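For clarity, every value in this text was computed on a predicted model and none was experimentally measured. Reminder, nothing fancy here: chain letters follow the sequence lines and each chain counts from 1.
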Amino acid sequence: MRILSLILICSLFIFFKQQSGHPHGKDFKHTCSLCHSSKGWTLDKEIYSFDHNATKLPLTGQHTIVNCRSCHPTLIFAEAKTECNECHTDIHQATVGQDCARCHTPVSWLVANINEIHQLSRFPLLGAHRTADCSDCHISENYVRFDVLGVNCVDCHRKDYDATTNPNHSLAGFSEDCSTCHPVNAQQWIGAGFNHSFFSLDLGHSGLECAQCHTTGNYADASPECYSCHQQKYIATTNPNHTAMGFQTTCDDCHSLQPGWSPASFTQHDSQWFPIYSGRHNGTWDSCTQCHPNSSNYSEYTCLSCHEHNQASMDSRHNEVGGYSYSSPACLHCHPQGVAED
Amino acid sequence: MKRIVSILFILFLLIELKGQTVSETLIGKVSFISSQNVYVKFKSTSGISAGDTLFISAGDKLLPVLVVNSLSSFSCLCRSISDQIIPVDHIIIARVRMPESKSPSAAPAAVALAASSVKQSVTDSVNQQTKRIQNTHSVQGSISLHSYSDFSNTGVPSSQRFRYTLSLKASNISGSKFSIESYISFRHKAGEWQEVSNDIFSALKIYNLAVRYDFNKSTSLSIGRRINPRISSMGTMDGIQFEKSINKFSFGLLAGSRPDYQNYSVNFSLFQYGAYLAVTTGKEGKNSESSLAYVEQTNNFKTDRRFLYFQHSNTFIKNLYFLGTMELDLYKLENDIPKSTIDLTGTYLSLSYRLTRKISLSGSYDARKNVMYYETYKTYVDRILENELRQGYRIYGNWRFANNMVIGLQSGYRFLKSDPHPSKNFYGYFTYTHVPGINMSATVSATYLESNFVNSKIAGLNLLKDFPGGKIQAGLGYHYVNNTLPESKSDVIQHIGEFNLYWQFAGKMSLSVNYEGTFEAVNSYNRIYLQLRRRF
């Protein structure tokens, strides 16, 4: 009886295959027993052993629990679509392309890799952008259309720019590239988030109120030149008297940003007049007034105020030098580099 | 007994195998003659095989003149076996044996009759089953709850957002010709319920809610809100959509309104109408679909936008999938004067090719402008100005060079005219799918990117484990990110940790948990996403 059953089943299969065409298409090469048993031609879930992972579309995540018919509307399994967009209607209105896998996985439609998506876009998320809601930037009536956005700051922050009052950016003619002052990774528009690196606010310039430098409503007016803010200091100096001495108004020729204007250095003294930052006299003086006793006239100087240069000693050492005189201009004339061998 | 059964069986097979084919004549024409070959074109070469003899008619006789060397689905390449000169367009006859499809064998044997009866029964069974698959009542869908939490130590208030969705597709309800499809979401933020109370449509978004009536297998009418997959770039539409298919051609008509441009509710003043023609060809994996649509959109019956949409996909070449879409705007308003124009709004081209079982290559090109609605955006001057073309391409490839090892490379480029400079990225990874000992998949990746305000170098490690039974999947990841801000010439180092879990339980329930923590020198950001979904 068992043999008879076997023969009949085989016969049925041959008839079916030869005469009515294969129900699963002519290229279907899998054996019936993967899905069917002698119970009938309906799917026998007890013996079902077809390996879907060997197909073009391995089943993972939600695809493992959807109804087979969702993807296989007919028995010709080869007709099933394998590209996402062939089964899943694009609700993004073609604004993000057709490659669903860039954002979604079969596990869920949750877009968990927002950070990664943005890293591969035109605008990686940093700072406050990281905590922003998607719809803050991607404005649409349905939350799923992602129109082309400009990545220049004002493309999103135009209202912020226009609303500024202190300073009034628009009035001041500030650049619309906010990132020149407000780093893209900042959390807020002011304070630590503000990038003043075009003019360092370190050391003596730290802790200032904006208005101390920006005295007009137009913040672009503020000059980066020292003298524009420090004119009064310049005029008020007495030791040395900068005005009387005709010093340059470029304070940073001599001064650093250290608070209190000191220490100041005047290294051009070496090249223009007399080496005091190099050579024998380097480190032998403490203040300008040691050589320039008249703080109002630095063209006056003395080489004779140091004990090494006492007249008895100098006269003795120059007794064979013709035209010798014990005077500072004579010293400089013969020893412009400040060494005896000159 | 066994012997009798065996004899019956053999007899049964012989009779059936004999009776399963019939002789048939196919008529073709000589389409081209070369020095070596003769090409004959048939409506279909089904039944003809290489080596078959082809004939010409000579009175009431058939003269053998050609032998088939090779053939395609509608053409044969033949060599001449006769001195007869056969000109182009000469009628050629093929005698083929076709499978009998209608009546059972005429053999009178009782066994054959019984067999044909069984055969018919099987055929009917399959046909009925196929018919059932296409027309039986079925309800599929899912409901899901999503929670999106963002919190940080930066002083920015935490954000908690919820989203609930219903996806439903009920086909041939109670065996009728009516079907329903819907995709609806409700989205709100914690603490912002007042906004929802003021305008329910700020939270309720209906993407699909339509009833379809199938007059027959080839004719259908949908009423309600529906995204037409043949013009998906247009988005959803409220109204009626009619489609009729004749063989491989389909055409459709649509009329109704587009959703309100502020809250996605119904707005009948945004009337629109259009038509499309689609062609579907091929079978069993070698398909092609093309559609061309024309749509006119209005605002208070003034033309808002007029466009053509073309979409084509095919799998003609084995292992290759091509998809292309193109959207052309045909209308513009210049100084309040309507004009006809041809303006490319969007192009998308993608090509995927599986070179071998181990190597696959893909590429896509994407160019898109924001869609202009001249009447709707009349008061949005800045919107009208935002009409630049954003272009981008992406190429990527994977190579499974050993059983458990895959490497992949990807490069992307994106540019908008107003961008300070193009954004570029390069990404590479190596995956070991079964790390010995822990039986996990490990992926090491490296990314270099240049964008408008930051350049980054990223190194990452991701581990993924599928637990036995396939119901639980868990992953861990770490990324080291070195961001350089060119403007301030400063570096921002980030350590990003992530964890994700997918758990399928109680049949069709599933839970997804995703955590991502980003840690900088001072600031840290955390994101927790949850999804609970029930399919039915």
When [options] are compared by non-hydrogen pairs under 4.5 Å with chain B, the top option:
options: A:Thr89, A:Leu120, A:Asn67, A:Ile91; answer: A:Leu120
options: A:Arg158, A:Gln98, A:His92; answer: A:Gln98
options: A:Arg102, A:Glu86, A:Lys81; answer: A:Arg102
options: A:Thr82, A:Val184, A:Asp177, A:Asp99; answer: A:Asp99
options: A:Gly150, A:Ala128, A:Gly61, A:Ala80; answer: A:Gly61
options: A:Leu110, A:Thr64, A:Asp90, A:Asn113; answer: A:Leu110

Check whether [X] gets within reach of chain A through its side chain, its backbone, both or neither, counting any heavy atom under 4.5 Å.
X: B:Arg414; result: both
X: B:Asp466; result: neither
X: B:Ser423; result: side chain
X: B:Glu498; result: neither
X: B:Glu327; result: neither
X: B:Tyr515; result: neither
X: B:Thr447; result: side chain
X: B:Ile206; result: neither
X: B:Phe426; result: neither
X: B:Ile231; result: neither
X: B:Arg368; result: both

**Worked verdict on A:Arg122 versus B:Arg390 for side chain to side chain contact (heavy atoms under 4.5 Å, CB included)** = CA-CA 10 Å; A:Arg122 291 159 50 235; B:Arg390 196 262 297 123; 3.9 Å; yes
Do side-chain atoms of [X] reach the backbone of [Y] as a donor and acceptor pair under 3.5 angstrom?
X: B:Asn514; Y: A:Ala112; answer: no
X: B:Tyr207; Y: A:Asn142; answer: yes
X: B:Lys205; Y: A:Glu141; answer: yes

Heavy-atom pairs under 4.5 Å with chain A: which of [options] has the most?
options: B:Lys189, B:Gln473, B:Arg163, B:His146; value: B:Lys189
options: B:Phe151, B:Phe453, B:Tyr321, B:Phe536; value: B:Tyr321
options: B:Ser233, B:Ser451, B:Gly346; value: B:Ser233
options: B:Asp366, B:Thr165, B:Asp150, B:Ile227; value: B:Ile227
options: B:Ser352, B:Ser512, B:Ser185, B:Pro229; value: B:Ser512
options: B:Val156, B:Leu449, B:Asp419, B:Asn263; value: B:Asp419

Where is the tightest heavy-atom contact between [X] and [Y], given as atom of each residue plus distance?
X: B:Tyr529; Y: A:Val111; answer: CE1-O, 3.4 Å
X: B:Tyr525; Y: A:Gly127; answer: OH-CA, 3.5 Å
X: B:Arg187; Y: A:Ser135; answer: NH2-OG, 3.4 Å
X: B:Lys508; Y: A:Ile65; answer: CE-O, 3.3 Å
X: B:Gln531; Y: A:Trp109; answer: NE2-N, 4.0 Å
X: B:Val454; Y: A:Leu126; answer: CG2-CD1, 3.8 Å

**Request:** Mind running side chain to side chain contact (heavy atoms under 4.5 Å, CB included) on A:Thr131 and B:Ser159 for me, showing each step along the way?
**Result:** CA-CA 8 Å; A:Thr131 50; B:Ser159 157; over 6 Å; no
**Fill in**
The single option from A:Val151, A:Val148, A:Leu149, A:Asn152 that satisfies side chain to side chain contact (heavy atoms under 4.5 Å, CB included) with B:Leu416 is A:Val148
Do you see a donor-acceptor pair shorter than 3.5 Å between the side chains of [X] and [Y]?
X: A:Glu116; Y: B:Tyr427; result: no
X: B:Gln140; Y: A:Ser70; result: yes
X: A:Gln62; Y: B:Ser510; result: yes

Can you tell me how far [atom2] of [Y] sits from [atom1] of [X], rounded to the nearest 0.5 angstrom?
X: A:Ile114; Y: B:Glu516; atom1: CD1; atom2: CD; answer: 8.5 Å
X: A:Gln119; Y: B:Ser456; atom1: CD; atom2: OG; answer: 6.5 Å
X: A:Ser121; Y: B:Asn452; atom1: OG; atom2: CG; answer: 9.5 Å

**Message:** Could you check whether any side-chain heavy atom of A:Asn185 comes within less than 4.5 Å of a side-chain heavy atom of B:Asn483, counting everything from C-beta outward?
**Reply:** no
**Message:** Show, in sequence, the C-alpha distance, side-chain angles and deciding distance for B:Arg527 and A:Asn115, and conclude whether the side chain to side chain contact (heavy atoms under 4.5 Å, CB included) test is met.
**Reply:** CA-CA 10 Å; B:Arg527 180 179 287 159; A:Asn115 195 32; 4.3 Å; yes
**Fill in**
For B:Phe415, the ring-ring contact (aromatic ring centres under 6.0 Å, His included) test, sequence neighbours excluded, returns none
**Stepwise side chain to side chain contact (heavy atoms under 4.5 Å, CB included) check, A:Tyr143 with B:Tyr264** = CA-CA 10 Å; A:Tyr143 298 131; B:Tyr264 214 52; over 6 Å; no
**Contact origin within A:Thr95 toward chain B - heavy atom pairs under 4.5 Å** = both
